[in-house]
Peer 1: 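Here it is: the structure, laid out below.
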Protein chains: 2
Amino acid sequence: MEESLPQRCLDCLVRDKALCGSLGDKQLLDLSLLGRRKVVPKGSVVTWEGDDNPICANIVTGALKLQASTADGREQTVGLLFSGDFIGEPFEEESAVTAEALADTDLCIFPRSGFERVLDDQPQLERALLERTLKSLREARERQLVLGRKSARARLAWFLLSLPRGCDGTIDLPIARQEIADYLGLTIETVSRQFTDLRSSGVIDAERGGRRLRVVDVTALQDAAE
Amino acid sequence: MEESLPQRCLDCLVRDKALCGSLGDKQLLDLSLLGRRKVVPKGSVVTWEGDDNPICANIVTGALKLQASTADGREQTVGLLFSGDFIGEPFEEESAVTAEALADTDLCIFPRSGFERVLDDQPQLERALLERTLKSLREARERQLVLGRKSARARLAWFLLSLPRGCDGTIDLPIARQEIADYLGLTIETVSRQFTDLRSSGVIDAERGGRRLRVVDVTALQDAAE
DNA sequence: CGGACGCTTGAGATCCCTCAAATGTCGTGG
DNA sequence: CCACGACATTTGAGGGATCTCAAGCGTCCG
């Protein structure tokens, strides 16, 4: 009788989108034995900066932010992760960032040491992780440009353009104003003022304080992002 | 008669420090056949942002900066690379950054496609590249914190602390004031003023305008870096 | 000697932050 | 159904850090 994948893998919503998509059914077996599903509630912390780094995980549903902070408590979000994304730092004893759930988040968690052993055995998994890491690095470099050189207006426009946009231009903001501020290296007040400016200049259409907006003038938004 | 490594590999100054250090003599053979040494003069560009991405390379001696730029020409240095570091973006058709030599730089260059084939065959090489990429990502995240949340003073202090320091506290700056400014998301004037302030408050000792300085009070510099 | 270059210094402007208060929304409980 | 508080967001006023523009200084090199 052949061993088979657990039901959670067969049913997995992100089987193809996540790292696992690089593996066939047989190859996935080892990894599947390590994984366990866990829902972490909004606001809870998955890994703490400077602490042990015991896990890696795939995000099934939900969202996480990766935070770095200064000694006096200012925070900078250094990455946003969504459904299908991978979180974790293989080969590192200590976590370099704090990972916090932005919403109730369903994770498929692997012990880091076990995950590393599967990397040893499954070159396709390692390749997929390498490609994802390279992509994360490119994105982190782009954010350095944004944080180092762009105005508040341009940062917000850049952020809005990075979000999935419906065909009618609708955007559902995945995060609150304060979290946008933490991501863009600004204060919440500045973010709010920039929203107001974009609204009153007709670039976007939105309710005051709302999480849903519509991009009216994409070209103007793209210009603003410079 | 056995094939053997080319003389440039046998003599290589960074054989152990660079990516190649992950490979034994036999395993290095394939890669060594691809590599060729090239000295690129200070100021010349190795890859252009948005252009073809034909090469990967190890830095033997010298230094490179990785630049991203806005449409209107403002520049942000998103990485500094030195002897032993790897440069290149495997699996990418288009380069995301401009790589420019900060000094006359001796590279060991591989065609990207050939390098990718060796990655397919040499798991140790791929592992070493993965670990380096993860390290670069951590560093890029730390720079996001610096760029998003730290004052000019703290940025410069952080930069100085990141440089190799002799036992008497001596630092030889590898780059000019303008390049420091590009790296720290500041202007050259602000960088210069911060140097002056650090000097007049006795934290560092340096000649006006000089490339060599001495850290007098490490603790004060560490405090300033917050 | 003269010019180019890199760095520093100064003055003023600007953008964003800080502090403070008002507004709006939502859920809870009376 | 309404009062209330908690919370997120907006708005306002003022200040400060950094940028911009301009000039000066020192060194190196032809």
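What's counted below: heavy atoms across the whole structure, side chains too, no hydrogens, waters or symmetry copies. A, B, ... follow the sequence lines: proteins, then strands. Residue 1 opens every chain. What you see is a predicted model, and the numbers here were worked out from it, not measured in a lab.
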Peer 1: Assess whether a salt bridge exists between A:R193 and A:E189, defined as any Lys/Arg side-chain N lying under 4.0 Å from an Asp/Glu carboxylate O.
Peer 2: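 Between A:E189 and A:R193 there is no salt bridge, as every charged N stays at least 4.0 Å from the carboxylate O atoms.
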Peer 1: With a cut-off of less than 4.0 Å, is there a side-chain N or O of A:T190 near OP1 or OP2 of C:dC15?
Peer 2: no
Peer 1: Calculate the interatomic distance between A:R208 atom CZ and C:dC26 atom P; express it in whole Å.
Peer 2: 13 Å
Peer 1: Between B:E226 and A:R74, is there a salt bridge with N-O shorter than 4.0 Å?
Peer 2: no
Peer 1: Choose from C:dC7, C:dT9, D:dT10 the nucleotide whose nearest atom is closest to any side-chain atom of B:A176.
Peer 2: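 Looking only at side-chain atoms, B:A176 lies closest to C:dC7.
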Peer 1: Check whether more than 12 heavy atoms from other residues, nucleotides or ligands sit under 6.0 Å from atom CZ of B:R212, and answer yes or no.
Peer 2: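 Not buried by this count: 12 neighbours or fewer within 6.0 Å.
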Peer 1: Please state whether the base of D:dT20 and the side chain of B:R193 form at least one donor-acceptor pair under 3.5 Å?
Peer 2: yes
Peer 1: Which part of the nucleic acid, if any, lies within reach of B:S192 when heavy atoms closer than 4.0 Å are counted: base, sugar-phosphate only, or nothing?
Peer 2: base
Peer 1: Checking all strands, does A:G185 fall into the base, sugar-phosphate, or nothing category for heavy-atom contacts under 4.0 angstrom?
Peer 2: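 Sugar-phosphate only.
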Peer 1: Taking the nucleotide of DNA chain D with the nearest heavy atom to each, does B:E189 or B:Q194 sit closer to the 5' end?
Peer 2: B:Q194
Peer 1: Is there a side-chain contact between B:T187 and the phosphate of D:dC19, meaning an N or O under 4.0 Å from OP1 or OP2?
Peer 2: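 Indeed, a polar side-chain atom of B:T187 lies that close.
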Peer 1: Taking the nucleotide of DNA chain D with the closest heavy atom to each, which residue, A:E207 or A:R149, is nearer the 5' end?
Peer 2: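 Nearest nucleotide further toward 5': that of A:E207.
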Peer 1: Looking at B:R149 and A:D182, does any basic side-chain N land under 4.0 Å from a carboxylate oxygen?
Peer 2: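 Looking at B:R149 and A:D182, the cut-off is met.
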